[in-house]
Amino acid sequence: MCGIVGYVGEGEKKEILLSGLRELEYRGYDSAGIALMDQAGIHHFKAAGKLSYLEAKTAEFTSASFGIGIGHTRWATHGKPNEINAHPHLGKYSFVVHNGIIENYQELKGRLQKKGVSFLSQTDTEVIVHLFEYYNEIHTDPFCAFEKTIGDLQGAYAILLITKASPNHIFFAKEGSPLILGTDAQNHVYIGSSDAALIGKAHTVTYLEDGQYGRVYKGALEIFVQGKQILPPMVPLQRNTLYAQKEGYRFFMEKEIYEQSSVLSNAMLGRLREKDIFFEEITPSFLSHISHITFCACGTSYHAALSAAYLFERLAQVSTSVEIASEFRYKKPYIQEGTLFIVISQSGETADTLEALKRAKRSTAKTLAICNVDNSSIVRTADTTLLTRAGIEKGVASTKAFATQMLVLWMLALEMGKETMTSTEYAENIRALRKIPTATQVSTETHERIQRLSKRYLHGHGFFFIGRDIFYPLALEGALKLKEISYLHAEGYPSGEMKHGPIALVDSELFTICLMPKTTLYEKNRSNVEELSARDATICAITPEPFSLADDLIYTKHTEHPMCEFFEMMVVLQLLSLEIAIRLGNDVDMPRNLAKSVTVE
Ligand code: F6R
């Protein structure tokens, strides 16, 4: 959700900023902009739409002398996604970029307007730069004016500000939105809202904590908390960017679907032993005296949580509840003694999930993060983390992150259930785990079949995705994938729930994607699908069994374990959404209105 970059040094500033923004663009792509300051003064460029428009606009511009620069790629929260609302926002002699939301911007704006300040944009961000210049006129010390400014802000923010009043510095502040500072061997300073923007540039980095602010200049990072300077802990930054390239696939999402088999193997490395599970991150005492598990997440990660709840109740015989983070954080939750609070997040930066986690930390609950991004805010906040090891996920529609979340959760359910399961059941699960990398390999035949079938699903008045048991959350996930990238209306339901209302919508123009695994409630599901077929629904069955009532069939393999069917069907659903969206001509990796990493609530 929005991306921020900054740079201090004598490199080609425009290129460095744009290349950082390129890495962050999938997080928000409504508009982009940069502002640079060197001996020649301040230059700034903004463009509505994707980053390529800004690249075209700046094609002739060069900036290879010592200087500073900031950049931003935007996912609009306040004001339309146009050029005026694009960051950086300009005062008289300063520029600001910002991620997050300034909640009291109306009040601050009113105060400034009364003093004669006029505003150009509809954003909350613009208030920051005017407030800064207002305080700078009073205090004449720019850094002091910056401190006063952030002292007035309420909400969540990561801010970078440059000003002619302090020409060699970038001022920064972090509260609730991630911000990372890094340096290289030549003492250049790099700033990013995610380490993806710094990879290949900075050698060591520091991940700022909430309440930290300061200034950077050549070779120096000055970080403060409540007026006191602190020494930042610097850690080495991983330098491999190869895994974030498309490598011949049409979209990152497609590449990430194909990668699932190998990232799932990775997620098992060292954790799946010959006969059991071992998590070095978890001590035996951490899992002792747990009487309840609360899962909490958003979106796709919430679907992983829903499926996990079935697994934990069944395998570990522990009671569970599943919470949508945005609801949980405001409901004054009752967290009982003995609760293990598990948050699930690809990015580790989802604002609602992070706040829910902080709420849980204030209780007696033990907290565990299942997360894909090391050093993210959620990882740093939770008591313990199991990393999902999916690698950078760039497609906005989550695929491999979901797959690895499911795998890690399943393994954790086994670890917690090793005392309650029979040895046969446990061994069957261990055997099934080993089969998952194969179950998720994309077969050319299946992909081609789905590609051909997809042309029949481009119209109609909507989709139902249905399933039972763990396949019900998978149906929810299938529906979410489809709506995100195809913009077609899709809903997921438990198969048995159709007759309680939704069946009223059924006709031949309602496409029903039926998950009919052989291992799990096959006959029950089949009856539900027959009821739909009797009402002329168009049925696309995903199943290992022949099914004469289906209009379309996508065959999966016969297997003995529900989780093998689960993972194989997951791949089918992902490919189906992908191919429908491609046929509709949509930008699969950057679907409209969405952004990766939702750092605002
Ligand atoms: C859907 C998708 C979103 C995220 C949700 C939570 O494809 O990616 O629904 O799952 O925004 O994000 P994380 O997992 O980063 O907390």
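Owing to the predicted nature of the structure, the values given are computational and were not obtained by experimental measurement. Remember, it's 1-based here, ligands and their atoms both numbered in the order they're listed. Numbers for residues simply follow the sequence, beginning at 1.
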Exercise. Backbone, side chain, both or neither: what part of Lys481 comes under 4.0 angstrom of ligand 1, heavy atoms only?
Worked result: side chain
Problem set entry | Atom indices of ligand 1 within 4.0 angstrom of Ser345 heavy atoms, with elements | 13 (P), 14 (O), 15 (O), 16 (O)
Exercise. Does atom NZ of Lys455 have more than 12 heavy-atom neighbours, drawn from other residues, nucleotides or ligands, at distances under 6.0 Å?
Worked result: yes
For this session: Look at atom 13 (P) of ligand 1 and say which protein heavy atom is nearest, naming residue and atom and giving the distance to 0.1 Å.
Result: Thr350 OG1, 3.2 Å
Exercise. For residues 341-368, which residue pairs qualify under ring-ring contact (aromatic ring centres under 6.0 Å, His included), counting only residues two or more places apart or in two chains?
Worked result: Phe328-Phe341
Exercise. Which of the atoms in ligand 1, numbered in the order shown and given with their element, are less than 4.0 Å from a heavy-atom of Val396?
Worked result: 7 (O), 8 (O)
For this session: Would you mind finding which of Glu477, Gln405, Glu484 brings a heavy atom closest to atom 1 (C) of ligand 1?
Result: Glu484
Exercise. Where is the nearest protein heavy atom to atom 3 (C) of ligand 1: which residue, which atom, and how far?
Worked result: Thr300 N, 4.0 Å
Problem set entry | Contacting atoms of ligand 1, where contact means under 4.0 angstrom from a heavy atom of Gln346 | 13 (P), 14 (O), 15 (O), 16 (O)
For this session: Report, in ascending order of atom number, the atoms of ligand 1 lying under 4.0 Å from any heavy atom of Ser398.
Result: 7 (O), 8 (O)
Problem set entry | Ion pair check, Arg250 and Glu579, cut-off under 4.0 Å | yes
Problem set entry | Arg271 with Glu281: basic N within carboxylate O range, under 4.0 Å | yes
For this session: Specify the protein heavy atom at minimum distance from atom 15 (O) of ligand 1: its residue, its atom name, and the distance to 0.1 Å.
Result: Ser347 OG, 2.7 Å
Problem set entry | ligand 1 to Ser301 polar contact by distance, N or O atoms, under 3.5 Å | yes
Seminar exercise, completed: Looking only at protein heavy atoms, what sits closest to atom 11 (O) of ligand 1 is Val598 CG2, 3.8 Å
For this session: Taking only Lys NZ, Arg NE, NH1 and NH2, and the carboxylate oxygens of Asp or Glu, determine whether Asp30 and Lys80 approach each other closer than 4.0 Å.
Result: no
For this session: Kindly determine whether Asp383 and Leu368 satisfy side chain to side chain contact (heavy atoms under 4.5 Å, CB included), including the steps that lead there.
Result: CA-CA 6 Å; Asp383 295 334; Leu368 170 69; over 6 Å; no
Exercise. What pairs meet the ring-ring contact (aromatic ring centres under 6.0 Å, His included) rule with one or both residues in residues 569-601, with sequence neighbours excluded?
Worked result: none
Problem set entry | Greater than 12 external heavy atoms within 6.0 Å of Tyr53's OH | no
For this session: Determine the interplanar angle of the His72 and His87 rings, folded into 0 to 90°, and report it as parallel if under 30°, tilted if 30 to 60°, perpendicular if over 60°.
Result: parallel
For this session: Do me a favour and list the nearest non-hydrogen protein atom to atom 5 (C) of ligand 1 with residue, atom name and distance?
Result: Cys298 O, 3.6 Å
Problem set entry | Atom indices of ligand 1 within 4.0 angstrom of Ala397 heavy atoms, with elements | 7 (O)
